[in-house]
Amino acid sequence: MSRHCYDNLTSSQLQAVRHKEGPLLVIAGPGSGKTRVITYRIAALIDSGVNPRNICAITFTNKAAEEMRQRTFSLVPNSGTHISTFHSLCVRILRRYHEQAGIRANFSIYSESEQTTCIKNAIKECELETGNFPPARTREAISTLKNKLIDSESYKEQAEDFFTKALAKIYSRYQHLLQVNNSLDFDDLLMKTALLLEKDSDIRKELSNRFRFLLIDEYQDTNHAQYCIAKNLVCEHNNICVTGDPDQSIYRWRGADIRNILAFEKDWPDAVVIKLEENFRSTPNILSLADRLIAVNQNRKPKTLIPTKKNGSDVSIICFDDHNVESQGIAEKIIELSKSGISLRNIAVFYRINSASRPLEEAFIKNKIPYQIVRGVEFYNRKEIRDILAYLKILVNPQDEVACLRIINTPARGIGKSSTERILAYAARKKISFFEALKKSADVSELSNSSKIKIKVFVEMLESFTAAANGPVAPLVERVFVDSGLEASLKKGGDNDAIENINELINSAAVYDGQSQEPSLLDYLQQIALFSDADSYDTAQDKVALMTLHAAKGLEFDNIFIIGLEDGLLPHERSSDNDDELEEERRLFFVGITRARQFLQISYAKYRIFRGQLMRTVPSQFLYEIGVDFGKLQKSETAEDDYCDDIEEPYRIEAQFTSNQLVRHKKFGLGRVKQFLEMGDNSTITIRFDDGRIKTLMLKYANLEVIDT
DNA sequence: CATAGCCGCCTTTTT
DNA sequence: GGCGGCTATG
């Protein structure tokens, strides 16, 4: 059948790779080669005579897409195969069918901060207080609605109380603002595409026939909109192949719906299901730890990881004095590993929140350890980058008022707040865009003559850029940087970092120009809007990788450190009031553990800076769950002898519980015992609380007070 | 109109 | 502890 060598695949993998037509679900644990299955399957399809153009593969990140492109290409010539994230695919679809989608092709894509700006304006225009509707929260709420494909109209209809009615108003105002700005946010990309495919059967059929085979990796993290897009894309043939692992679902907060993968067999009843449970990545030590942890989750289908490797060294679990000692300890261990011949590129440190990278960075600098942060301070979020991008956006999409307002007086050119407001008012009166109003500033009687002249110069500058806006992007970015006065202003302020960053942007634009068949500013802007810093992680460099547990998804390393196993951090405090969220935190830790091939060190610190203050910490409950014996806990070398003496053991209750017994919980209040499961140290208790909530808690953490009756 | 400095607010994870 | 927005001052 094949020119390729599939000898290195197991029989189950091979079965998935060779699957011909119809729906296929690959349920696969970590390290079982599920991404490999997709890669080989693309090659196998092409080998069997399928036109590469008729295959579409969806990955979770741009980085993963890039890797898959390279890997498939090394197996088989596959030009024309579409490999990208859902978002990139949607941009292509929306650009091509923009008329049917009711938008223009040159739309801007709003990042989170631009969304928030827009939300703020919407709240103001609705005459509501940002105090009652925090913009960030409101943005989240609207994002959730969009991920569920609930548009502002239908939300309005179902709104009942004051809060939801107000939210509906903000939502619809926000959509209006986006439309006026000819802009889409991240969620719109998915929602507009999903709705377009739903309502337009011609486009649906056309695309379904274009993509005869659809393959989706990390299916457990798709949201409803993505599910809808996938379903419609395969309407003509049902050749859908998805891979995923419910235990690695870590994006529920972003709308990911684990039910998509759990219900796959209901959605496609003739689906072939292949399970891959062998693990080729980690040592048995690491896997048994991961197994023990994930088994605590109630809401899951049991599954074990079958190791194929021989045992290696034990997993270390270390208690450090504070975050600085922890960082120093890790730096020293890395130096030790390095001396034993391990390259730094095979080492990674994972943490729960981005800000946890700081003490690590300090220690690494001090110890001269080269490192790279995978998505730290986001490159595209820097002020100077956003400024220059705003100039570029205007050239492509003059309707983009957010971009225009950003740069009209950046750098300062004497067009201040009052002038801007007069023009805004004029634009509103005449029902024209802000940029149109700028062009007609001569007619705005409220403006002083000097303002009119300054505005005219500004408009003429932008128009001269527009005239040069065709062809390669890099020269244009450079020209805008110089002619806009941004360069001069940064030089004057001595901000060399900012100038460096812009040069980096120009370099990346040059790379884009080189790779693109037909470079255009529009295409470039729409691409980089979907780019995250995780994508710029350079595996070729011999540096230690620092990243959040979320960013670690899909990666693997020989040597891994996971830090900050403390209550409130992992699991994060914002997840503590909800069992589902706690289970997601557990999956997040599970993902982290299962990235490690050989060496794994898990640590926590007794003290850590929290909101600017040094706080005493409590060890994470996850440590107990993986069976850490705190009496025999490994101590850090810098520690005093009595170092871990005052570890706070979890609260213990000797008493047995009987059904219907009355108990009190610190947080949830009074409740009655529904069920008590005696499992020694792992005993759980299910309680129906007075407010109706039913919770299952680990007894040793529940801290229950027994009420005598 | 520009700038500096202060106050108050938020603070998980990311396409 | 960091950032955005507001205010007072030049």
Side-chain angles (χ1 to χ4, degrees), chain A residues 58-65 84-91 109-113 115-117 120 130-131 134-137 139-140 143 146-147 184-191 193 218 221-223 225-226 249-256 350-358 374-378 380-383 408-421 448 450-451 454 489 493 526-535 547-554 564 568-576 581 584-585 587-589 591-592 609-615:
Chain A
I58 309 275
T59 57
F60 194 73
T61 61
N62 289 305
K63 178 87 189 162
S84 80
T85 62
F86 262 111
H87 286 81
S88 296
L89 175 67
C90 290
V91 168
I109 299 172
Y110 276 177
S111 68
E112 194 177 302
S113 60
Q115 279 180 53
T116 310
T117 308
K120 274 184 205 160
T130 47
R137 282 279 185 88
R139 189 190 55 74
E140 247 170 59
S143 170
K146 288 185 176 182
N147 285 331
L184 304 182
D185 63 22
F186 285 142
D187 308 309
D188 278 337
L189 296 174
L190 300 177
M191 182 162 82
T193 307
E218 309 279 15
D221 279 320
T222 49
N223 61 33
Q226 290 165 329
S249 164
I250 54 174
Y251 282 90
R252 210 180 75 106
W253 53 273
R254 210 174 75 188
F350 301 157
Y351 36 81
R352 177 64 178 86
I353 58 174
N354 278 306
S355 60
S357 68
R358 283 193 61 166
V374 180
R375 194 193 169 92
V377 183
E378 298 155 74
Y380 292 99
N381 234 343
R382 295 193 160 107
K383 186 188 175 302
I408 187 164
N409 202 29
T410 306
R413 51 173 69 86
I415 309 173
K417 203 179 158 196
S418 53
S419 302
T420 334
E421 265 167 15
S448 69
S450 69
S451 294
K454 287 171 189 158
S489 137
Q526 291 186 342
Q527 274 198 29
I528 63 168
L530 302 176
F531 218 75
S532 83
D533 275 18
D535 302 327
M547 68 191 83
T548 63
L549 286 159
H550 281 92
K553 172 183 176 137
L569 201 54
L570 184 63
H572 194 271
E573 57 174 349
R574 295 261 297 247
S575 319
S576 59
E581 285 175 14
E584 177 143 320
E585 294 288 307
R587 290 194 292 269
L588 190 55
F589 186 29
V591 167
I609 295 263
F610 200 65
R611 286 176 196 160
Q613 274 200 316
L614 195 65
M615 304 279 281

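Chain identifiers are assigned alphabetically (A, B, ...) following the order of the sequence lines, protein sequences preceding nucleic acid strands; residue numbering begins at 1 within each chain.
Comparing G416(A) and E581(A) against DNA chain B, the residue whose closest nucleotide sits nearer the 5' end is G416(A). Mapping L588(A) and A412(A) onto DNA chain B by nearest heavy atom places A412(A) at the nucleotide closer to the 5' end.
Considering only residues two or more places apart in sequence or on other chains, D187(A) meets the salt bridge (charged side-chain N to carboxylate O under 4.0 Å, His left out) condition with none of them. Legend: residues meeting side-chain contact (heavy atoms from CB on, under 4.5 Å) with A529(A), ordered by chain and number and at least two apart, are I109(A). Qualifying side-chain contact (heavy atoms from CB on, under 4.5 Å) partners for S355(A), counting only residues two or more places apart in sequence or in other chains: I353(A). Annotation: side-chain contact (heavy atoms from CB on, under 4.5 Å) contacts of N223(A) (sequence neighbours excluded): N147(A), L190(A), A225(A), Q226(A). With sequence neighbours left out, K553(A) forms a side-chain contact (heavy atoms from CB on, under 4.5 Å) with F60(A), E218(A), Q220(A), D221(A), I250(A), Y251(A).
With centroids closer than 5.5 Å and planes inclined by less than 30 degrees as the test, W253(A) and the base of dT13(B) pass as a stacked pair.
Using a 4.0 Å cut-off, no side-chain N or O of S88(A) falls inside it from OP1 or OP2 of dT15(B). Note on S419(A): a side-chain N or O is less than 4.0 Å away from OP1 or OP2 of dC1(B). Phosphate proximity of dC3(C) to R382(A): absent, as no side-chain N or O sits under 4.0 Å from OP1 or OP2. Dashed line: the shortest gap from a side-chain N or O of N147(A) to OP1 or OP2 of dT15(B) is not under 4.0 Å. Look at N354(A) and you'll find a side-chain N or O under 4.0 angstrom from OP1 or OP2 of dT13(B).
Distance K553(A) NZ to dT15(B) P: 10 Å, rounded to the nearest Å. A straight line from CD1 of I353(A) to C1' of dC10(B) spans 13 Å, rounded to a whole angstrom. As rounded to whole Å, 10 Å separates atom C1' of dT15(B) from atom CG of N223(A).
Picking from dT11(B), dC1(B), dT15(B) the nucleotide with the shortest atom distance to the side chain of E112(A) gives dT15(B). For R574(A), counting side-chain heavy atoms from C-beta on, the closest listed nucleotide (dT11(B), dT14(B), dC1(B)) is dT11(B). Across dT15(B), dA2(B), dT14(B), the shortest atom-to-atom separation from the side chain of F186(A) is found for dT15(B).
Checked for salt-bridge contact, E584(A) and R587(A) meet the test: a charged N lies under 4.0 Å from a carboxylate O.
The CZ atom of R254(A) sits 10.5 Å away from the OG1 atom of T222(A) when rounded to the nearest 0.5 Å.
At a threshold of 4.0 angstrom between heavy atoms, the contacts of D187(A) with the nucleic acid are absent. If you check every strand for non-hydrogen atoms under 4.0 Å, F86(A) touches nothing.
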Pairwise N/O distances under 3.5 Å, protein to nucleotides 5-7 of chain C:
residue: dG5(C); atom: OP1; partner: K120(A); partner atom: NZ; Å: 3.1

